[in-house]
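Presented below is the structure to which this report refers.
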Amino acid sequence: MTINKIVEGDKMTLILEDRLDTTTAPQLENELKGSLCDIKELILDLNQLDYISSAGLRVLLAAQKQMTKQLGKMEIRNVNETVMEVFEITGFVDIIAIR
Amino acid sequence: MISIRHVRKEYPNVTPLKDINAEISRGEVISIIGPSGTGKSTLLRCINLLETPTSGEIYIDGQAITDPKCKVHLLRRKMGMVFQSFHLFHHMNIIENIMTGPVSLLGKSRQEAYEQGMELLRTVGLGDKALAYPDELSGGQKQRAAIARTLAMEPEIILFDEPTSALDPTMVGEVLSVIKTLARQGLTMMIVTHEMKFARDVSTRIFYMDQGEIYEDGTPEQIFDHPQRERTRQFIRRLKVFEIIIDSPDFDFIGIISQLEQFGRKHEMGQKNIYRIQNIFEELCMQTLVPRIGNELQMQLLVEYSEENNDTSMTIRYTGPAFHPLEEGDELSMLLVKGLCQSSTYRCDCSGAFKNELILKLKQD
């Protein structure tokens with residue numbers, strides 16, 4: 001998986017590409033761990049993300065919790081049909097802001 | 001009428017027939033189906049001794065044709081054979097092709113052979129082609145002429161070796177229609193064919209051949225609607241199968257994901273379907289069974305995709321104590337698996353190598 005990071009003040013955008021699965025979820029987890037502390041707005045752009053599994057969902061859920069804890073917000077953008085199916089099945093559409 | 005006992009045919013590098021056994025009664029119409037290269041044509045060629053079996057016996061009306069003392073030419077008169085590529089004599093016109101056998105082998109007069117030949121040509125719809133040469137006929141017409149020539153020898157048994165496989169698709173129907181008419185007349189027939197609908201309609205019995213044997217033998221209804229054995233089922237439903245065994249928790253996950261991708265693309269399953277298979281495999285294997293079973297994990301993954309109706313199913317068999325993942329597995333993972341499937345069946349069988357079996361039928365769009 002490729003992660004492109006853009007930080008503008010307290011806003012961070014992560015552009016995820018390829019697959020977010022068991023093998024790549026730790027990469028995103030590490031990226032978030034080291035970068036979230038001063039962030040008030042986290043945007044995850046999934047335009048280039050083809051596939052997501054529960055391992056990826058858990059990382060997104062943890063990021064959401066962290067952002068809520070530090071009174072920030074998280075938004076997911078540009079979700080393709082396959083990834084959206086996973087969000088819908090697991091109920092993530094109701095707990096994460098998806099635009 | 002025909003008794004085949006332990007027939008084996010070996011060539012230097014291949015053994016198309018390993019152990020063939022069958023009893024065929026008068027009036028039966030038997031279609032022989034199965035994947036290419038499984039010995040279907042070799043079996044027919046052994047029955048009329050165009051090939052000599054390496055071992056085993058074949059009896060026609062109680063006489064062993066595999067016995068070196070047998071008068072093969074007399075027994076062969078009982079059998080006609082229709083070949084893929086017609087085998088008409090190109091220097092003779094059609095009626096001469098048909099008359100040659102009866103005149104020279106059955107001792108019929110030319111007039112008698114002519115009248116019978118004309119009647120047969122009318123039966124196969126070629127009454128107006130008697131004076132045409134084979135090269136003037138279409139493939140379907142040539143094959144009908146070849147059938148008429150076979151019938152002229154008044155055989156008791158007709159062997160058809162893929163009679164439509166060399167034909168343009170538009171001509172298949174006319175040949176099958178003639179064979180169907182013959183089947184209704186009570187001739188004993190054995191037909192090697194890839195035309196499944198035809199086999200179902202015309203036959204009294206089906207031999208499904210695979211792995212050098214008659215793998216399954218039954219009525220058309222049994223074979224096509226309720227196949228009992230695994231390979232028959234895969235063939236009938238035009239199933240494409242991906243199978244892999246995992247025998248360690250440190251298996252190559254990325255490699256298997258990549259193989260699933262290749263399998264799906266090869267069979268044009270659609271990318272969404274491929275992702276669903278990968279998702280289910282990942283959730284069940286990586287997120288559930290590996291953490292739960294650990295070093296003792298042995299697992300078989302079977303993905304079956306039907307080209308006929310696009311159905312996809314996954315069978316996961318695994319070791320360890322009884323464990324139903326959809327009920328006892330991680331909540332998020334199982335929510336995802338359930339959402340990607342139409343139905344699921346779990347079974348625990350203590351006698352098998354893999355105690356647990358989970359069969360999932362994937363959702364279709």
Side-chain angles (χ1 to χ4, degrees), chain A residues 1-3 15-32 44-68 74 76-98, chain B residues 246 249-262 264-265 269-292 297 299 301 312 314 325-326 328-344 360 362-365:
Chain A
M1 184 176 66
T2 310
I3 304 173
I15 302 166
L16 311 184
E17 291 180 18
D18 202 13
R19 301 171 69 91
L20 184 52
D21 61 13
T22 302
T23 55
T24 58
Q27 188 187 341
L28 178 62
E29 193 175 19
N30 287 337
E31 183 62 54
L32 289 166
L44 294 159
D45 187 330
L46 307 192
N47 188 37
Q48 302 295 317
L49 190 75
D50 300 322
Y51 173 96
I52 191 166
S53 70
S54 69
L57 295 177
R58 289 188 183 93
V59 178
L60 298 185
L61 202 56
Q64 164 95 336
K65 279 184 184 164
Q66 180 64 33
M67 290 307 293
T68 307
M74 181 176 110
I76 291 176
R77 291 184 183 168
N78 302 322
V79 181
N80 74 19
E81 193 189 352
T82 311
V83 174
M84 184 57 90
E85 181 179 44
V86 173
F87 286 156
E88 285 169 352
I89 289 170
T90 53
F92 267 57
V93 284
D94 300 323
I95 54 175
I96 286 182
I98 301 171
Chain B
I246 292 165
D250 300 320
F251 71 97
D252 179 6
F253 170 71
I254 295 172
I256 292 181
I257 288 293
S258 167
Q259 287 178 49
L260 286 169
E261 183 88 27
Q262 285 167 24
R265 286 191 181 175
M269 292 172 68
Q271 194 60 53
K272 202 169 174 181
N273 203 12
I274 296 170
Y275 285 145
R276 285 175 179 164
I277 293 167
Q278 291 174 337
N279 256 136
I280 291 169
F281 170 66
E282 183 178 345
E283 301 307 333
L284 282 167
C285 187
M286 295 300 280
Q287 297 294 326
T288 308
L289 296 175
V290 167
R292 184 165 179 114
L297 177 69
M299 173 181 156
L301 167 68
T312 309
M314 293 175 73
L326 297 186
E328 304 167 67
D330 173 80
E331 195 179 346
L332 181 60
S333 291
M334 293 310 111
L335 192 61
L336 186 46
V337 172
K338 285 178 196 167
L340 294 172
C341 295
Q342 280 181 35
S343 62
S344 65
L360 303 169
L362 271 66
K363 179 167 105 169
Q364 274 194 40
D365 287 324

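Because only heavy atoms are used, hydrogens play no part in the values below, and waters and symmetry mates are left out as well, while side chains stay in. All values derive from a computational prediction rather than experimental measurement. Protein chains get the first letters and strands the later ones, always in sequence-line order, with residue 1 at the start of each.
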Taking only Lys NZ, Arg NE, NH1 and NH2, and the carboxylate oxygens of Asp or Glu, determine whether A:D50 and A:R19 approach each other closer than 4.0 Å.
-> no
Checking B:L340 against chain A: side chain, backbone, both or neither under 4.5 Å from a heavy atom?
-> both
With only heavy atoms counted, which part of B:Y275 is less than 4.5 Å from chain A, the side chain, the backbone, both or neither?
-> both
Is it the side chain or the backbone of A:E88 that comes within 4.5 Å of chain B heavy atoms, both, or neither?
-> neither
When you check the gap from the basic side-chain N to the acidic O, do A:E85 and B:R276 get nearer than 4.0 Å?
-> yes
Are A:T82 and B:Q271 side-chain neighbours, meaning at least one heavy-atom pair lies under 4.5 Å?
-> no
With distance as the sole test, does A:Q27 use its side chain to make a donor-acceptor pair with the main-chain N or O of A:M1 at under 3.5 Å?
-> yes
For A:F87, is it the side chain, the backbone, both, or neither that has a heavy atom closer than 4.5 Å to a heavy atom of chain B?
-> neither
Where does B:Q278 contact chain A at under 4.5 Å (heavy atoms): side chain, backbone, both or neither?
-> both
Do other residues, nucleotides or ligands put more than 12 heavy atoms under 6.0 Å from A:K65 NZ?
-> no
